[in-house]
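Nothing here was measured: the structure is a model prediction, and the numbers come from that model. Just so it is clear: chains get the letters A, B, ... in the order the sequence lines come, proteins before strands, and each one is counted from 1.
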Protein chains: 2
Amino acid sequence: MSWMYPRPMPSRSRQLAAGRPLAEQVRSRLAEGMAAGEWKPGEAIPSEAQLARDFGVAIGTIRKAVDGLVAQQALVRRQGKGTFVAAHDPGRLMFHFFHVVGRDGTKSYPEVTTLDFRRDRANAKDAAALGISPLEKVIRIRNVLSLGGRRAILDDIALPAELFPGLTEKIFLARDNTIYHLYQSRYGINVLRTDERLRATLATRAEAQVLGVGEGAAMLEIRRLAYTFRDRPVELRISRVDSEHFEYHNTLGKAEPI
Amino acid sequence: MSWMYPRPMPSRSRQLAAGRPLAEQVRSRLAEGMAAGEWKPGEAIPSEAQLARDFGVAIGTIRKAVDGLVAQQALVRRQGKGTFVAAHDPGRLMFHFFHVVGRDGTKSYPEVTTLDFRRDRANAKDAAALGISPLEKVIRIRNVLSLGGRRAILDDIALPAELFPGLTEKIFLARDNTIYHLYQSRYGINVLRTDERLRATLATRAEAQVLGVGEGAAMLEIRRLAYTFRDRPVELRISRVDSEHFEYHNTLGKAEPI
DNA sequence: AAGTGGTCTAGACCACTAG
DNA sequence: TAGTGGTCTAGACCACTTC
């Protein structure tokens, strides 16, 4: 290369290539470390000064890389303590990934009741959505979610069994936290992004019975794909929401007020 | 104050107070300038070097301030040219604020037909949503939006008349761009944030007729508030979407892939 | 060649946390 | 007191745009 920043001796213990911006490369490396489980959710990554030494770059470059991961909610900074891999605590779930609220705007934590848990083969739609081959193994889970004591949502979940080795109904039911927290704490799968498609449907007899609404009532259907690092799909979820008592809330372009 | 950064002589032509981080203060000042029309949509703001001189801070501090406004899509950077106030071009509309797509995922630009345009007084709901007093003047507009040649959405819009002085049906119909572009180019109102609530409803006879669906068909209803600088509400819009042929698409936690 | 944004370095000092 | 993140300065050089 024809130019060189005033960095006399690279001498990095973690080598970086030339070309791509250094901050981006550092960001990728940190993300890889998290995806590989080098640092687990809730744990601290090395300090910024240490990372600067490790990568042989200025601390400002490290900060820029970390800034990106913090904005993405993959990392959390705590002044005076360190920088930690984000954990799916209930708060994060609520405000980042759970968008169903009461018609009056009240938010509450969902109470989950599992109706069914079984192993199956992927059908064509599952396979296409999850990026796996048809007939690969999937885990199917059916839940009812209640909000504020009222049945609100019927969920059908499909998971690629390969990513959740050893997941049994017993383990699933014994979790002491959110479902996403289980994915993360037991399988190191950190949901970073979701893609949702919403439409309106009429409640079938079965749906109406489970949710306690009238047959033919207007229902909100949400088809959602959840992704982890490298945009790998990890969960397909179809939710049917009692639209008479609940609604879906979405804010676009949120940022610090000015 | 007991400390001082190595900044010998402030000598700022635009004074900054102490206490709050400088980058935040600069960000607020730039936002105020845009809100006040000092720099209009599509125009360039002063160069980073010039702003650094004006505010008497380092260029890195200016960059940090501008970074925030760029992330918010209030500003757009163009290397070698300058930094510009964001304009509501059709592309930005589509990918930032318009979320209805075909059931097969196809995106298309909406074609707008105006059914009604009139002046009215705000009712209690309008007033509460728009943050104005009941009985203040509002402009009401009813549109049908078609996507790919098919009627898709029935929109009822309410605008605080005070913010849109002199807006007439003629002007509204004569626009040569999106509605948000009209708000922006004529009234300097830049929509930065929207808040949407979705539910499912059954098509009324009137809605069914306008959209060409069956009476009682499942419809997606979107109640949306649009905000500009300082979180001021500027538009209330209720959309009813033909959910048989179209759906609502939402991505959460999007960020640069890693 | 001049001007603009884009990336990076090096180092100062502040605010917070923990032992 | 030591260590961590948070803010800011000052200046280098690169890449792009325009004249």
Visitor: Checking A/Arg224 now: which residues fulfil salt bridge (charged side-chain N to carboxylate O under 4.0 Å, His left out) with it, not counting sequence neighbours?
Guide: A/Glu196
Visitor: So, using salt bridge (charged side-chain N to carboxylate O under 4.0 Å, His left out) as the criterion, who are the partners of B/Glu43 when residues are at least two apart?
Guide: none
Visitor: For A/Tyr183 together with A/Phe164, are the ring centres under 6.0 Å from each other?
Guide: yes
Visitor: How would you list all residue pairs meeting ring-ring contact (aromatic ring centres under 6.0 Å, His included) that involve residues 64-92 of chain B, not counting sequence neighbours?
Guide: B/His88-B/Phe97, B/His88-B/Tyr180
Visitor: For B/Glu48, what residues pass the salt bridge (charged side-chain N to carboxylate O under 4.0 Å, His left out) criterion, not counting sequence neighbours?
Guide: B/Arg63, B/Arg77
Visitor: Just jot down the ring pair (Phe, Tyr, Trp, His ring centres under 6.0 Å) partners of A/Phe172, sequence neighbours excluded, or say none.
Guide: A/Phe117
Visitor: Measure the distance from CG on A/Asp67 to C1' on C/dT7 and round it to the nearest whole Å.
Guide: 14 Å
Visitor: In whole angstrom, what separates B/Arg20's CZ from D/dG6's C1'?
Guide: 16 Å
Visitor: Between A/Thr61 and C/dT9, does any side-chain N or O lie under 4.0 Å from OP1 or OP2?
Guide: yes
Visitor: Please give, in whole Å, the distance from C/dT7 P to A/Ile62 CD1?
Guide: 16 Å
Visitor: Please list, chain by chain and in numerical order, all residues satisfying salt bridge (charged side-chain N to carboxylate O under 4.0 Å, His left out) with A/Glu247, sequence neighbours excluded.
Guide: A/Arg103, B/Arg197
Visitor: Rounding to a whole Å, what distance do you find between A/Leu22:CG and D/dC14:P?
Guide: 14 Å
Visitor: Among C/dT7, C/dC8, C/dT9, which nucleotide has an atom closest to any side-chain atom of A/Lys64?
Guide: C/dT7
Visitor: Taking side chain to side chain contact (heavy atoms under 4.5 Å, CB included) as the test, write out the residues that go with A/Ala129, two or more places apart.
Guide: A/Arg223, A/Leu225, A/Leu236
Visitor: As a check on the pairing definition, encode DNA chain C in dot-bracket form, counting Watson-Crick and G-U wobble pairs whose two distances are under 3.5 Å, and using | for partners outside this strand.
Guide: ||||||||||||||||||.
Visitor: Give me, pair by pair, the N or O atoms of the protein and of nucleotides 1-5 of chain C that are less than 3.5 Å apart, along with how far apart they are.
Guide:
| residue | atom | partner | partner atom | Å |
| --- | --- | --- | --- | --- |
| C/dG3 | N2 | B/Gly80 | O | 3.1 |
| C/dT4 | O2 | B/Gly80 | N | 3.3 |
| C/dG5 | OP1 | B/Thr83 | OG1 | 3.3 |
| C/dG5 | OP2 | B/Glu48 | N | 2.8 |
| C/dG5 | N2 | B/Gln79 | NE2 | 3.0 |

